[in-house]
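Numbers restart at 1 for each chain; the letters A, B, ... are given by sequence-line order, proteins then strands. Values in this document were obtained by computation on a predicted structure and should not be read as measured data.
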There are 2 protein chains.
Amino acid sequence: MLSNRQLLILQAIINGYIKSAEPVGSRSISQEKSISYSPATIRNEMADLEELGFLEKTHSSSGRVPSEKGYRHYVDHLLLPHHFSKNEVTNMKSLFEQKILEADQAVKHSATILSELTSYVSIVLGPKMFDAKLKSIQVIPLREDAAVAILVTDTGHVENKAVSLPAGLSSSDLEKMVNILNEKLSGVPLYLLEQKMATEITVLMKQHIDNYAEALLFAEDTLKKSSNEKVYYGGKTNLLNQPEFKDITKVKSLYELFEKEDMMHELLKPNKSGLSIRIGQENENAAFEHCSIISATYSFNGRAVGTIGIVGPKRMEYPKVISLIQHISHDLEDILKNLYRTDA
Amino acid sequence: MLSNRQLLILQAIINGYIKSAEPVGSRSISQEKSISYSPATIRNEMADLEELGFLEKTHSSSGRVPSEKGYRHYVDHLLLPHHFSKNEVTNMKSLFEQKILEADQAVKHSATILSELTSYVSIVLGPKMFDAKLKSIQVIPLREDAAVAILVTDTGHVENKAVSLPAGLSSSDLEKMVNILNEKLSGVPLYLLEQKMATEITVLMKQHIDNYAEALLFAEDTLKKSSNEKVYYGGKTNLLNQPEFKDITKVKSLYELFEKEDMMHELLKPNKSGLSIRIGQENENAAFEHCSIISATYSFNGRAVGTIGIVGPKRMEYPKVISLIQHISHDLEDILKNLYRTDA
DNA sequence: TTTAGCACTCCGGTTGTTCGAGTGCTAAAT
DNA sequence: ATTTAGCACTCGAACAACCGGAGTGCTAAA
């Protein structure tokens, strides 16, 4: 178990390193306000902390740098609460000030705020509205062989898709089909659509539509969900300012990963809800080995529907980012609640 | 005027520099297949070419590097036609092989191909379908105070927008309004919508709708175009491989610009149609001072509706990229023509 | 007019040196 | 038993000196 003094020193070293990005030495620590030991004492403790794996040296006579274990201990036990500056507060409030009509707007805006308030990259996923119910479905023919299908959910989300019209489907059949779909499916949650389709609708179509086989296929094509939630980024170029990303190869692998939305989605998708902090190698992808990622889910109707996160160097301003993420994720939840209040 | 020999040497130097990214010396040029002069002769010519501003030295005893004037002369007078490799051809053909139902798909795919076939960044704008006509307009109420408005064009493009419902607007009024809008506006080209709105529609609404003032405002809100065309990128990380972008500050200003879609749009929007080649400082934005941009418009119904372009280092493979851009822009035009054939 | 030859220039890499920041250890001080 | 002062030591960063090579410009011969 670490002594109080050791904790104090560990904390001071990590704070110092987060500020300066340079190995920190015993002398500078001893000058710290809250610390009243001589450099020699501190050196002894540092040697112990290194032995225990919390600190590392870059070379034999250098100052100390936190190891991943060090950061981990820091975030688990040593976090000081962060107090937002006036500026930060007003910036965060701006999330509410706009007239927001749609979830995507709010989400995009959150990403921007998050990146503006940190000098890191923000990533926002979702929201994936599980509970969204189909409000209306429309098929608008364009030419004899093509049409657009439009699904609208009760959350105001619109999904559209170009579809090809089967030759054998008459326009009256099409109309009938759309009617059936609307009648039977409106109010049905999206995730049940395909299932419902397979059961009830099939029967109905058989009864009422001449060319029901074609129609069925078409309807299935129409409803096939394409709704991979979007990934929004903010401040993608911020990392280029961080000294740890002077090396272009690190930047490259990172940016290449950012471009792969499906992978990013996989890495950040809401699993265990709540706050998650992954430091360096704790991340599942090698491109993040020099990064820390702090993320939190945000929920709607008690269900995690999206994630907001920050990617920065391991030497991240943890207290600030954590507070910020928690704050914004709550704000987002409030906005969603307001937006899609089930007034009933 | 430059002598033939000077042109030959200029060409060889530029080709060499494009390949190697290193200053090229008289010796390597003299070994070139097509050149049969001794290094000394070539040195003399190089000195002249430098005097004339086509070449530069990086230091007093270095080989030569093309100046922007040199590149300019090269692209204007010395381009060799490029022959695509088998691989490249099949890759380009893949643009047609997919079943494409919507313009955006084709455009996105073009961006990908373009970047895969070069090791540069591709940028595709548009298409902005000027001639697109309104096919259908729908307003779907979600709650008592909000709705989604959906516009569909005859090109299959769907535009949707969350709007707030004015309190004084009854649902029957809403329905009437939508009917009027559809009746009067369908078939009208998008760019005429606002104008038509101001004249005919206003009158009609006054006649038929109780709370016409509210309704009008709402209708205007609904139709207000939000359609800044998208900007698609391909291979954004490609540039990081180029030796000229080892320096992270160059990368940074470039990537920051990429993020500003409106600015990129401004810089690339179709003005004079046809092919455009901008080398280094010829570009309007300082972030591009080390880049060349080759772009071409693509047209629909005789009107330039979008741009495809490649951003690379000044030391770009001009012949290949130019052929490629021309090729793909034609392909895109064909696809659009096929897609939105005015069958009438 | 071309080219061989040669002196010269400058860059990049290597080596040596110095300087300073930082350490570990020992012995004195508390 | 802790803490601290003192000191020898280590290492990297910064700088100078040096060398080799690639390339040039110029002159004089072909």
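- The residue B:S60 sits close only to the backbone: its heavy atoms come under 4.0 Å of sugar-phosphate atoms, none of a base.
- Looking at which nucleotide of DNA chain C each of A:P23 and A:A40 is closest to, the 5′-most match is held by A:P23.
- Distance, B:E45 CD to C:dT1 P: 11 Å, rounded to whole Å.
- The aromatic rings of B:F258 and B:F288 lie tilted to each other, with the angle between the two planes from 30° to 60°.
- One atom, NE2 of A:H59, and another, P of C:dG22, lie 10 Å apart when rounded to the nearest Å.
- Of the candidates A:L324, A:I113, A:L117, A:L117 is the only one forming a side-chain contact (heavy atoms from CB on, under 4.5 Å) with A:E88.
- B:K57 has its NZ atom 12 Å from the C1' atom of C:dC8, to the nearest Å.
- Under the Watson-Crick or G-U wobble criterion, with both distances below 3.5 Å, D:dT27 is paired with C:dA4.
- Relative orientation of the B:H82 and B:F84 rings is perpendicular, given thresholds of 30° and 60° on the angle between their planes.
- Rounded to whole angstrom, the span from the CD1 atom of B:I42 across to the P atom of C:dT3 amounts to 9 Å.
- Listed here is the closest heavy atom pair of B:K252 and A:T237: CE-O, 3.9 Å.
- Using modelled atom types, no side-chain atom of B:Q281 and backbone atom of B:E289 make a donor-acceptor pair closer than 3.5 Å.
- Relative orientation of the A:Y318 and A:Y74 rings is perpendicular, given thresholds of 30° and 60° on the angle between their planes.
- Residue B:S26 is in sugar-phosphate contact alone, with no base atom involved, counting any heavy-atom pair closer than 4.0 Å across all strands shown.
- With hydrogens and angles ignored, no donor-acceptor pair closer than 3.5 Å exists between the side chain of B:S38 and the base of C:dT3.
- Distance B:I35 CD1 to C:dT2 P: 14 Å, rounded to the nearest Å.
- B:Y37 is not listed as a side-chain neighbour of B:E45, based on a closest heavy-atom distance of 4.5 Å or more.
- Protein chain A touches strand DNA chain D; the 5'-most and 3'-most nucleotides with an atom under 4.0 angstrom of its non-hydrogen atoms are D:dT3 to D:dG12.
- Between B:R5 and C:dT1, a side-chain N or O to OP1/OP2 separation shorter than 4.0 Å is absent.
- With a cut-off of 3.5 Å on both Watson-Crick or G-U wobble distances, the partner of D:dA13 is given as C:dT18.
- Nucleic acid contact class of B:S62 (heavy atoms, under 4.0 Å, all strands): sugar-phosphate only.
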